[in-house]
Amino acid sequence: MVSDVRRFGEIDSTNTWLLAEARRGAAEGLVAVADHQRAGRGRLDRRWESPPGAALLASILLRPELLPGALHLATAIVALSAVEACARTAGVEVGIKWPNDLVVDDAKLAGILAEADPSAPGGPPGSVAVVVGIGLNIASPGPTAASWQATCLEELAAAGRGAAVPSRDELLSVLLGELERRRPDLDTEAGRGQLAGELRRRCVTLGRAVRVELSNEVLIGRAADLTDDGRLLVETDVGRREVAAGDVVHLRPPVDA
Ligand code: BT5
């Protein structure tokens with residue numbers, strides 16, 4: 001995957017722009033980066049808010065040959081690359097809160113939004129266009145940060161949790177390098193197994209008591225494991241459930257905290 005990075009001072013949403021490009025047949029590796037988004041999006045019509053220049057705001061177009069049930073691995077590959085970028089540029093140890101948050105302790109450092117369009121033309125046969133966007137806080141996202149339980153690399157460095165505060169470009173360049181290194185893993189069963197293993201090791205949700213909010217029900221239980229295609233297995237009072245998408249609340253601190 002060779003990256004082709006397009007930079008914007010201001011845009012509505014890097015995901016929205018890149019989805020439109022994907023529908024025009026853009027190639028895998030097209031990347032949109034913005035200083036500011038007027039309408040940054042989270043999942044389920046939620047908003048992603050960042051003051052100008054405060055966060056790395058980037059979206060990447062992938063065209064993997066994945067079955068619909070395994071598309072979560074496209075989020076995972078970007079999440080793992082971002083975790084590595086934070087470790088290498090900021091010296092910060094970051095965990096992955098299933099399905100799409102990067103957290104330090106339980107505070108949200110970054111969110112990921114993956115959007116697939118199976119009808120977008122242009123990829124190899126059997127492939128699907130997936131736009132994976134990440135917002136990663138470098139400076140504070142603003143006064144509402146506390147209500148979101150958000151954190152940023154500046155705050156972590158000030159608290160002695162990081163060695164440095166990288167620029168957005170430094171973070172992006174390491175993230176894209178890591179993504180390029182991992183990208184072939186999406187294409188083989190062995191590679192996908194390796195990604196799933198790495199995801200399990202980094203996933204701070206596992207072992208926790210959780211509340212999982214699905215579109216039509218709420219599950220309470222223990223996050224037991226991830227499947228090899230990245231779904232969450234929750235042990236509830238009435239048995240094990242496999243969850244493909246949902247909002248997770250960690251109910252209690254980890255046992256070793
Ligand atoms: C996410 O959604 O966390 C996915 C966020 C993806 C943002 C990137 S930025 C580049 C690309 N272009 C886009 O338009 N989007 C992607 P979700 O899990 O639904 O979380 C959204 C919730 O996070 C909001 O409802 C707030 O509670 C909280 N939030 C909003 N801005 C935040 C911030 N800067 N830091 C931490 N939390 C935030």
Side-chain angles (χ1 to χ4, degrees), residues 5-22 30-62 71-72 74-76 78-79 81-83 85-86 92 94-117 129-156 168 171-172 175-176 179 203-205 210-215 232 243-250:
V5 180
R6 310 288 172 90
R7 292 173 190 276
F8 298 87
E10 192 173 86
I11 198 169
D12 50 357
S13 149
T14 53
N15 262 42
T16 303
W17 182 85
L18 199 51
L19 270 171
E21 291 300 308
L30 185 59
V31 177
V33 191
D35 297 335
H36 185 230
Q37 297 182 124
R38 287 184 299 271
R41 295 189 287 114
R43 292 174 305 148
L44 307 169
D45 289 333
R46 290 188 289 236
R47 305 261 312 182
W48 182 263
E49 306 277 0
S50 285
L56 171 64
L57 305 169
S59 299
I60 300 142
L61 175 59
L62 300 174
L71 281 175
H72 188 69
T75 301
V78 172
S81 301
V83 165
C86 289
V92 173
V94 176
I96 298 174
K97 175 173 176 262
W98 192 92
N100 71 325
D101 289 349
L102 300 192
V103 295
V104 175
D105 298 332
D106 269 341
K108 183 159 170 169
L109 177 66
I112 294 177
L113 174 67
E115 296 177 291
D117 185 347
V130 191
V131 168
V132 189
I134 180 165
L136 196 159
N137 299 325
I138 297 176
S140 168
T144 20
S147 69
W148 295 329
Q149 224 193 328
T151 191
C152 62
L153 291 176
E154 280 184 7
E155 182 184 54
L156 292 166
R168 290 176 290 156
L171 263 175
L172 180 67
L175 191 160
L176 291 178
L179 191 59
C203 182
V204 293
T205 304
V210 291
R211 186 173 77 235
V212 186
E213 289 160 9
L214 306 174
S215 53
L232 184 68
V243 181
D247 278 326
V248 169
V249 178
H250 291 164

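Source: prediction; values computed, not measured. First listed ligand is number 1; within each ligand, the first listed atom is number 1.
The ligand atoms of ligand 1 that sit less than 4.0 angstrom from a heavy atom of Gly111 are 3 (O), 4 (C), 5 (C), 6 (C). Of all atoms in ligand 1, listed by their number and element, those nearer than 4.0 Å to a heavy atom of Arg41 are 5 (C), 6 (C), 7 (C), 13 (C), 14 (O), 15 (N), 16 (C). Using a 4.0 Å cut-off to heavy atoms of Gly135, the atoms of ligand 1 that qualify are 7 (C), 8 (C), 9 (S). Listed by number with element, the atoms of ligand 1 under 4.0 angstrom from any heavy atom of Ala150 are 35 (N), 36 (C). Those atoms of ligand 1 with a heavy atom of Thr14 less than 4.0 angstrom away are 10 (C), 11 (C), 12 (N). The Ser13 neighbourhood of ligand 1 comprises atoms 12 (N), 13 (C), 14 (O), with distances under 4.0 Å to a heavy atom of that residue. For ligand 1, the atoms sitting less than 4.0 Å from at least one non-hydrogen atom of Gly40 are 14 (O), numbered in the order shown with element in parentheses.
What sits closest to atom 38 (C) of ligand 1 on the protein, heavy atoms only, is Trp148 CE3, 3.3 Å. Taking atom 12 (N) of ligand 1 as the reference point, the nearest protein heavy-atom neighbour is Gln37 OE1, 2.9 Å.
Atom 34 (N) of ligand 1 has its nearest heavy-atom neighbour, among Lys108, Glu115, Glu49, in Glu49.
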Test side-chain contact (heavy atoms from CB on, under 4.5 Å) applied to Glu115 and Leu19, step by step | CA-CA 8 Å; Glu115 296 177 291; Leu19 270 171; 3.5 Å; yes
Verify side-chain contact (heavy atoms from CB on, under 4.5 Å) between Glu155 and Val104, making sure each step is shown before the conclusion.
-> CA-CA 11 Å; Glu155 182 184 54; Val104 175; over 6 Å; no
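For the 3.5 Å distance criterion, the side chains of Thr205 and His250 qualify, holding a donor opposite an acceptor. A donor-acceptor pair shorter than 3.5 Å cannot be found between the side chains of Ser140 and Glu154.
In this structure, Asn137 has a heavy atom closer than 4.0 Å to ligand 1.
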